[in-house]
Amino acid sequence: MTKLLSIIMCIVFTLGIIVSSLSQINSAVVQDGGLRDRAVQWIDKAIP
């Protein structure tokens, strides 16, 4: 029972780390001057 509990706890912590890193990546992409704004600027410059 303790091995099962430790495996479940490990999975929960791993998922928590993944979700928190995804939220940080998402905020970096969406913020002003972030990756999305840069990509839009590059596309606007590429299209004459």
Side-chain angles (χ1 to χ4, degrees):
M1 183 66 185
T2 57
K3 287 183 180 180
L4 179 64
L5 184 63
S6 64
I7 290 171
I8 291 172
M9 294 278 290
C10 184
I11 291 172
V12 167
F13 286 137
T14 305
L15 287 175
I17 292 170
I18 290 172
V19 168
S20 66
S21 63
L22 285 176
S23 68
Q24 288 180 354
I25 292 171
N26 187 27
S27 65
V29 169
V30 173
Q31 71 181 357
D32 290 338
L35 192 61
R36 185 178 62 182
D37 288 342
R38 291 182 197 167
V40 169
Q41 289 174 358
W42 292 336
I43 292 170
D44 287 342
K45 288 179 183 176
I47 298 173

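Separating the CD atom in Gln24 from the CG atom in Asn26 is a distance of 11.0 Å, to the nearest 0.5 Å. Atom-to-atom distance recorded for Leu15:CG and Ser20:OG is 10.5 Å, nearest 0.5 angstrom. Here CD1 of Ile11 is found 11.5 Å from CE of Met9. Values are rounded to the nearest 0.5 Å. Ser27 OG to Leu22 CG: the interatomic distance, rounded to the nearest 0.5 Å, is 11.0 Å.
Two different hydrophobic clusters hold Ile17 and Ile25 under the rule that ILVMFWY side chains link at heavy-atom gaps under 4.5 Å.
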